[in-house]
Structures are given as structure tokens and as C-alpha cells.
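First the structure, in the form of C-alpha cells, and then the observations on it.
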Number of protein chains: 2
Amino acid sequence: MSCLQGAAIMRGSRPPTNDTRPLSGENMSMPAIPSPASKPRLRPRLDQLKRADRIYGHVFDAILEQRLPPGTKLSEEALGEIFGVSRTVIRKTLLRLAHEGVISVRHHHGAMVATPSAEDARQILEARRVAELAIVRQATRMITREQITELQDLVAEERASFERGDRGTGIRLSGEFHMLLALVANNAPLAHFVRGLISQTSLIISQYEVPGSNICSYDEHAQLIKVIRGGGEEQAVRAMDAHLAHIGERLNLGAEKASTDLREVFAHIVNGPGRQRARSAAAAGAGEKKRT
Amino acid sequence: MSCLQGAAIMRGSRPPTNDTRPLSGENMSMPAIPSPASKPRLRPRLDQLKRADRIYGHVFDAILEQRLPPGTKLSEEALGEIFGVSRTVIRKTLLRLAHEGVISVRHHHGAMVATPSAEDARQILEARRVAELAIVRQATRMITREQITELQDLVAEERASFERGDRGTGIRLSGEFHMLLALVANNAPLAHFVRGLISQTSLIISQYEVPGSNICSYDEHAQLIKVIRGGGEEQAVRAMDAHLAHIGERLNLGAEKASTDLREVFAHIVNGPGRQRARSAAAAGAGEKKRT
DNA sequence: TCCTATCAAATTGTATCCAGTTTGGCCGTT
DNA sequence: AACGGCCAAACTGGATACAATTTGATAGGA
């Protein structure tokens, strides 16, 4: 596992729903992502964030660093007790995480860490490809010398973290690399989109990565910087494409994990012998995605 | 204005944060968007949605159809009274709308319909271009004859709505066209992303469209279908690119609207003669986007 | 012994209540 | 008369209390 998770940059720079500027007439509720021009301020001290944001950050990090593996139940009461707040704040946090796709929430069933299917994984990686190729192309056009230095510093940190065995920080920084690149491209919606995809990629990796492949990708990041600095758009796009492809190659998406969608598994059965309750399942599934 | 707003398909098919499937082992909290293969069920009756979803839908539609113009204050108490629920439910709804970028929420100031800046608009349209070009390419590869028929029916409805003067429905259907295309491409994250961008485009149009340009785009949609049916990916991409470009051309993004970011307007002033409170503004603006 | 139905514990969803913040108005001072 | 500060009303943020739903367990019957 390597190079595709990210946490801090995304969390810190985005006091999400209720930050904002106090005296502005214009206003875009798009998550406030600082442009690279103004000292991105990657990791604002957690202390000075609002409680809800702090909790969000902690849970987010825990998920990305896989201390909370996919499928883990996230009880509102338990979380509230842990962080010393009422369920109100926890619910707000969970709603945000759900919206970003890292947890799934079911009516009257609570929240759990998302367990993307192989098909989900395929779609997410493809979406990342679409977004990040556009980002790297734009970034190659716009990047300043200062920003190149920032990226290089980031990769240096990333490498240092991995080399001194601090895998957690390494994973985080490797995600931040992709985020910082997105900020360079100066497109807030795209950056926000990629941020979510990166975090979901983390879940995918923890589920589908083949055991042996513990290759870290800071060297690919360094290579990417070189190409971007060179200014060749198409070359940069190809480099990013290859980088993302390598991520996909380390996954085993061929065989779906054991636990898949039950209704799909038993789709051929006309009407199960089960209790009448089976009906409610079908009804609840009305507006839901159904691939194939 | 035409062809870029959308409401129903997105709302209806997406009992957002707390829908989900009841008996599935796999689970992806990505918004559940039905695939085109299974009768998309574009407009499930509002009656059978949960209250929170119903309210969300009503507000969402009102914003997209510009019955709630940008800048409108959305008081929790007022909304709660209108829909006959407590503020709790309203807050949940507002959080969701904020996540999707159609409203902006400020700490202790409440929610208001978003007023994207010209720069926001530029970024949103560019993001749409990135996403929709990829979508149309993929859709051209995968589309079935059935899906082509669905798209044609949709455009027919769209045209009929406009021709009988039902502009509201027309606007909705014209957005649904883009959404349906995204569903054909069979990539849930991309479809979700585009959904948000489409709704934000609606806000942009209501702010920046030049008065004269009341051209409706069902003919361009029909043309797009033809090209897609033809199967030429590059041709389809070019057609979509042109279509999106036309949207941008109808906007006046050159001169920022009157009300822009105050801090930017008075940036050249060293330190306003104002009360000490000016400081808090600067502090609150710490983690916020700062273009240029 | 196995199956079914009823019931209770647990947990989420919703409403209400209290606290903190903002904002506009009023009053005193200069 | 104008400016600055104080105060109260309005509204949002958070916590607690109550209602609804799920789910596992237990008792009854075939």
C-alpha cells in the first residue's frame, strides 16, 4: 500500500460546512479549499478547529489509516462518549462522512465504515483517472516555481516518513501530494472531488490490495514533479496515467470478496420462502443502484 | 436559460445519506444512483419518501427553478414551520444542501442560497467539461439501443415542455438529460459529481446569464444523441464540448457582479479604521479559499 | 425438536430545551 | 448632533428527553 491515501490536507483546509468568510457578499458554499497561491496551510492545528471538525478529522484519519477497517460499526453513542460530546455533534460528523462516501448510513441501523465492492472500486479508480489527468494537465500549465518547491518538500517528507518507518504519516503525505497537485490546478470542485476519491481509494486498498505489494510511490511522485516541471502536458498526463495504473495493478478486483450484495446473489429466486419481511427489503431497495 | 439545470432525477433517485439497501454485505455509501439498465425510476412519488428527503427535494427544486434566488436567507425556524417539522430535520436538510454546494452556511449566521462568484462559475464549468467529456465518451461506448430510446423520450418530453410554455419542467428535464447520460456511462462517482455541478450551474445561470439569450437546448441534446448513436467517440466528445461551450457563452462572467468579496474590494487598505472586530474577520478567513 | 409469534433491550430519529453569538436599537456622553 | 457603548431580541449551535424501529431472545404450540 502506498501513495493514495490522504487525510490532513483535506481535513485541515476544509472547515467544511460551517466555516466561511464573515463579511463577504459573494459566497460559494463549495468547500473552502485554499488556493496554492497563499501558503496552503496544510495542517492547521487541530486545537483551533471547532469540535465537530476535530472529531471529523479524527474519525477520517482513523478510517484512512485503517485503524477502523471497512465494515466497522460506528455507534453514535459510543463516539459521543469517546469524544465527550452529545450525539448531535456526532450525527453531524457522520452525515458529512457519509456524504463523502467513506461511511455508509442506513435508516435505523447506524453507520459503518464503507465496504466498496469491486465494481465500486473500478468506478472510483476510473473517476480518479478522469479527474487527475485533467488536474495534472492544468497544473502543468499553471504551476509556479514556488509550488514546485512545495511539492518537492512534500515528497521529501513523504520519503523520510516511509524510510524512518512512520507508515501512517507516509500514507497521509502521499495522499496530500495528490491533493496539493489538485490545488495547483486551481479548480475547487475538481479538488474536492478528488479528495473524496482519494479517501475512498484508501478503503479500496485495505480491502483489495494483494498482500505482497508493499511498494511505496514517493519515487513516482518525484518523477511526476520532474515531468510537470518540464512543462510537457501530454508527458505529464502519461506519467500520471501510469502512476494511477500502478495503483490499480496492486489490487485484486477480479474475484469479488465473499460478502457481496445478497439480493444479487439470490436474484434468481422468485420469492424467497422467508417471512413476509422479505418484502420490506425489496421496497427499501427501490431507489437504489443496481449494476449489471 | 436552458438545458443545464436538473432536479428530479437527482433528487428522486437518491435518498441520499440515509437510504441504502437493507440486507447487503457489500455497501458503498456513494449516493445510490440507479443504473440505466433497470428502469431508472426517475421520479419516485414524493409521498413515499422520508420527510427529510421530501423537504430536501422541495427546497432543492425551489432553488434550481429559481423561486429561491441566490442570496435568499433560509431560516431554520421558518422552514420548520412551513414544512411542519422541527429544526432538527431542517438542519439535516440544510447540511445536505450545503454539502452539495447549493447553499452556503456560516457559523451563527444561518444558511442562504449560494451566490457563486464569476471565478467559481469558471471553475464549475471547467469541472463540468472534464467530467462530461469523459462521461459522453464512455456512454458512447456502452450505450444500448434501449438507453438511446430513453434519452430520445426524455428530449421529446423536454421539447414538449418548453413548447407548451412549461419552463419549469423543461429546465428540470434538460438537467435530467445530462444526468441520464451520466447514468449510461455507469460510473456512480462521476454521476454524483456531475449532479452537483449541474445544480450549481443553475445558480450560475440565474446570476450571470445575459438577458437576451433565452435559447433552449433540446435540439442540441437531440443532436448529441444522434452522434452518440453513431458511435464515434471523438465526434461525441466534440459535440458535448460544443454544447457546454454554448452554455458558457451565454454567461457574462467578465465583470463580477456588484456584490463581491468585501475583503478583496478593500484589500489595498492597510488596516481599516474599523473596530477591533476586523481582526476576527481575518482570523475566521484563515482556512478559506483565496483566489488570484 | 423445530418453528412461529410475541416481547424487550438497544439504538437511531425527532422534538424540545438551554446556551452562546450576532445584530440592531436605545441611551448616555462628548 | 454625532459617536460609542450597552442591552435586548432573534437566531443558531448543542444537549437532553422522548418516540419509533429494529433485532435478538424467549415462550408457546405443532
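Just so we're on the same page: letters track the sequence lines, and every chain starts at 1.
Note: A:Arg128 CZ to A:Ile198 CD1 = 5.0 Å, rounded to the nearest 0.5 Å.
Taking atom CG on A:Leu79 and atom C1' on D:dG14, their separation rounds to 17 Å, with Å as the unit. When the C1' atom of C:dT14 is taken as reference, atom CZ of B:Phe83 falls 17 Å away, rounded to whole Å. Remark: C1' of D:dA15 and CD1 of A:Ile90 are 13 Å apart, rounded to the nearest angstrom. Per the geometry, CD belonging to B:Glu81 stands 12 Å off P belonging to C:dT16, to the nearest Å.
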Nucleotides 9-12 of chain C: which of its N/O atoms have a protein N/O under 3.5 Å away?
from   : atom 1 : to       : atom 2 : distance (Å)
C:dT12 : O3'    : A:His108 : N      : 3.4

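Partners of A:Ser75 by side chain to side chain donor-acceptor pair (under 3.5 Å), not counting sequence neighbours: none found. Residues forming a salt bridge (Lys or Arg N to Asp or Glu O under 4.0 Å) with A:Arg91 (at least two apart in sequence, or on another chain): A:Glu76.
A sub-4.0 Å separation between OP1 or OP2 of C:dT14 and a side-chain N or O of B:Thr88 is absent. At C:dG13, none of the side-chain N or O atoms of B:Lys92 fall inside 4.0 Å of OP1 or OP2 (strictly under the cut-off).
Between A:Leu173 and A:Glu176 the shortest side-chain heavy-atom distance falls below 4.5 Å.
In this structure, B:Asp53 pairs ionically with B:Arg96, as a charged nitrogen and a carboxylate oxygen lie closer than 4.0 Å.
For the residue pair B:Phe60 and B:Val102, the shortest heavy atom distance occurs at CE1-CG1, 4.3 Å.
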